[in-house]
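To keep things clear, I will list the structure first and then write my remarks on it.
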Amino acid sequence: MATLKAVRGTRDLLPPETELWNRVEATARAVFARYGFGEIRTPLFEATELFARGVGEETDIVSKEMYTWDDRARAASEKPQSLTLRPENTAGVVRSYIEHKMDESGLLQKLFYIGPQFRRERPQRGRYRQFWQIGAEVLGPAWSGSDSAVRDAEVLEMLATLLNELGVKGWRLALNSVGSSTDRPRYIAALRTALEPVKAQMCEDNQRRAETNPLRVLDSKDPNDQDIINALPKIADYLDDASRDHFEQVKASLDACGVPYVVDPRLVRGLDYYTRTTFEFTVPDGSGLGTQNALLGGGRYDGLSEMLGGPKAPGIGFAIGEDRLILTLQAQAAEAVTKKLDAFIAPMGIGQNPAALLLAKELRAAGLTVEVGDGTFRLRKSFEAADKLAHRMVIVGEDEVSSGVFTVKYFEAGEQVKVPRSELINVLKSYSIAMQYRAEANRTGYASDGLMADRRDEVAKEALENAVSLAQQVLSKSEKHS
RNA sequence: GCGGCUAUAGUUCAGUGGCAGAACGCCGCUCUGUGGCAGCGGAUGUCGUGGGUUCGAAACCCACUAGCCGCCCCA
């Protein structure tokens, strides 16, 4: 019988990699909380119609990439309902906003989500059929200020902060405005007019796009067509006064906050619902993503709620490709992030197993991560297992149990000390804290091209020094005992 | 959806038609209270799956599956 495998484009996430996933998600949750976002969890599948109306019938996502099926009808007289695994989460959030009449609170809604999405694309590095997005939406009735440029800038500044806290290096924010729902048709018409005389000179793909979706011509990477594309009309010249002013306000706020960005007049997004501000964060080559270098994307969607039959509810949101974020962090990591335990407890002989387990229980209760060996292990085997798993080994032998003074071996330093049981937790803990701060300083020390990284480094360094000196005090005290 | 490359031990890979290999890792012994070294020994396996050519296939041919690269698209 053929062995069963994860289906094409899906994969298992295993330790120790899941550790990194958890850190990314915990960091995202902490940042979102500081900016006043609450979590929303919407269903993995929705009525197909939601995505057709929200994302757009003509987009590739809806027209060829969705997992759609007919759900069984309840009665013979009923038509089966067409359902779809969500290919993105914004439509679901807005559907939920409408369904629960969130607009009636009159307040701005700030919602974030973390979860899997599904698109039937050909798998590649950084592109999977089940992939994870971390996203957030800010929306509400216009009188809640949901259409204000300050919301756009706040979301972008939050993303810059999040990427810096995660330690993503070299990110680049590309920004554009695609105009209001009336600007866009005028611009598309102008594009068509400008493309008409020149499109015959362009590559096959661009000729097709010129017909079906002229905006996408701007995305083209074909080197031969670049001169023609650069000469095409710019969206900026087709924005009405309100949209132009809105975009200027977004840029002014970003400047004030020190968030670096590049205005890219060719940045157009593929989903129909985007209006005004659109953006994309990319990472440099060599960050583990190949050509899938877009880490996250998003934009404003002032008309989406109405497209779904809801009240007017302007909004802005983004989605981070979590799989890509993880790949980037892994590629950029200076050293492997395999986390070691605080201590490995090595019982000397089967008779010491109960004492070792008791010690492990106490250390674990004190918040330390601990693994226990086996008294049948040879000392050498204990050493090898301990060195692989932990920073330190605590030897539990007959002498130790009767005297109450334990031997602690530090693998990195190659030293060992005798520590009375009463001091054991403090000694192990202070070193562990120092290790944590050192790791933190290593990680955030690189986030230099964003916000406030300098100040955070100082705090981390200071804390590290304190922890190390505390650890040394405790150690020297315990050495006197021995 | 299109084009290309790849698939052999836990991992990285070698193997151009004649006994299934190396390195690292793993297990054991030298060696049951101070290891990491060294020496000796051991197990690695549906050679992605299915078919075909051949006296003989990991190798050549076909199909399929999966991964990767480039498009398309997107996060």
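Chain A is the first sequence line, chain B the second, and so forth, proteins listed ahead of strands; every chain is numbered from 1. Quick caveat, the model's predicted, so the values are computed rather than measured.
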Considering residues at least two apart in sequence or located in another chain, which fulfil the side chain to side chain donor-acceptor pair (under 3.5 Å) criterion with A:Asp323?
A:Arg11
Using a cut-off of 6.0 Å, state whether more than 12 heavy atoms not belonging to A:Gln330 lie near its atom CD.
yes
Closest nucleotide among B:C2, B:U34, B:C71 to the A:Thr407 side chain
B:U34
Before accepting this row, confirm whether a basic side-chain N of the pair A:Arg23/A:Glu165 lies closer than 4.0 Å to the acidic partner's carboxylate O.
no
Have a look at A:Leu296 and say if it touches a base, only the backbone sugar-phosphate, or nothing, with a 4.0 Å heavy-atom cut-off.
sugar-phosphate
What contact category does A:Tyr128 fall into here, base, sugar-phosphate, or nothing, at under 4.0 angstrom with non-hydrogen atoms?
base
With a 4.0 Å cut-off on heavy atoms, is A:Glu400 in touch with a base, just the backbone sugar-phosphate, or nothing at all?
base
Picking from B:G35, B:C73, B:G1, which would you name as closest to the side chain of A:Glu65?
B:C73
Between A:Arg29 and A:Glu39, does any side-chain N to carboxylate O distance fall below 4.0 Å?
yes
Searching all strands shown, indicate the nucleotide that pairs with B:U34 (Watson-Crick or G-U wobble; both distances under 3.5 Å).
none
To the nearest Å, give me how far apart CD (A:Glu384) and P (B:C37) are.
8 Å
Testing B:C37, B:U32, B:C68 for proximity to the side chain of A:Arg380, the answer is B:C37
Return the value, rounded to whole Å, for the distance between atom NZ of A:Lys381 and atom C1' of B:G35.
14 Å
Which is true for A:Gly349 with a 4.0 Å heavy-atom rule: it touches a base, it touches only sugar-phosphate, or it touches nothing?
nothing
Base, sugar-phosphate or nothing for A:Gly9? Non-hydrogen atoms, less than 4.0 Å.
sugar-phosphate
Regarding A:Glu384 and A:Arg380, does a basic nitrogen lie under 4.0 Å from an acidic carboxylate oxygen?
yes
Determine the contact category for A:Gln117: base if any of its heavy atoms lies under 4.0 Å from a base atom, sugar-phosphate if only primed atoms, P, OP1 or OP2 are that close, otherwise nothing.
nothing
B:C47 pairs with, by Watson-Crick or G-U criteria that keep both distances under 3.5 Å:
none
Tell me which nucleotide among B:C74, B:G70, B:G33 gets nearest to the side chain of A:Leu379.
B:G33
Using a 4.0 Å heavy-atom cut-off, does A:Phe318 contact any base of the nucleic acid, only the sugar-phosphate backbone, or nothing at all?
nothing
Touch class at under 4.0 angstrom, heavy-atom based, for A:Arg11 against every strand present:
nothing
Using purine N1 to pyrimidine N3 plus N6-O4 or O6-N4 for Watson-Crick, or N1-O2 and O6-N3 for G-U wobble, both under 3.5 Å, which nucleotide pairs with B:C71?
B:G1
A:Gly297 near the nucleic acid: base, sugar-phosphate alone, or nothing, with a heavy-atom cut-off under 4.0 Å?
sugar-phosphate
Could you check which of B:G70, B:A38, B:A75 has an atom nearest any side-chain atom of A:Arg127?
B:A75
Atom-pair distance (CZ on A:Phe377; P on B:U32), nearest Å:
15 Å
Output one line per pair: protein atom, nucleotide atom from nucleotides 41-44 of chain B, and distance, for all N/O pairs under 3.5 Å.
none

With a 3.5 angstrom cut-off on both distances, give the Watson-Crick or G-U wobble partner of B:A23, or none if there isn't one.
B:U11
So what does A:Asp399 touch, heavy atoms closer than 4.0 Å: a base, only the sugar-phosphate, or nothing?
base
Check whether any side-chain heavy atom of A:Phe411 sits under 4.5 Å from a side-chain heavy atom of A:His391, and report yes or no.
no
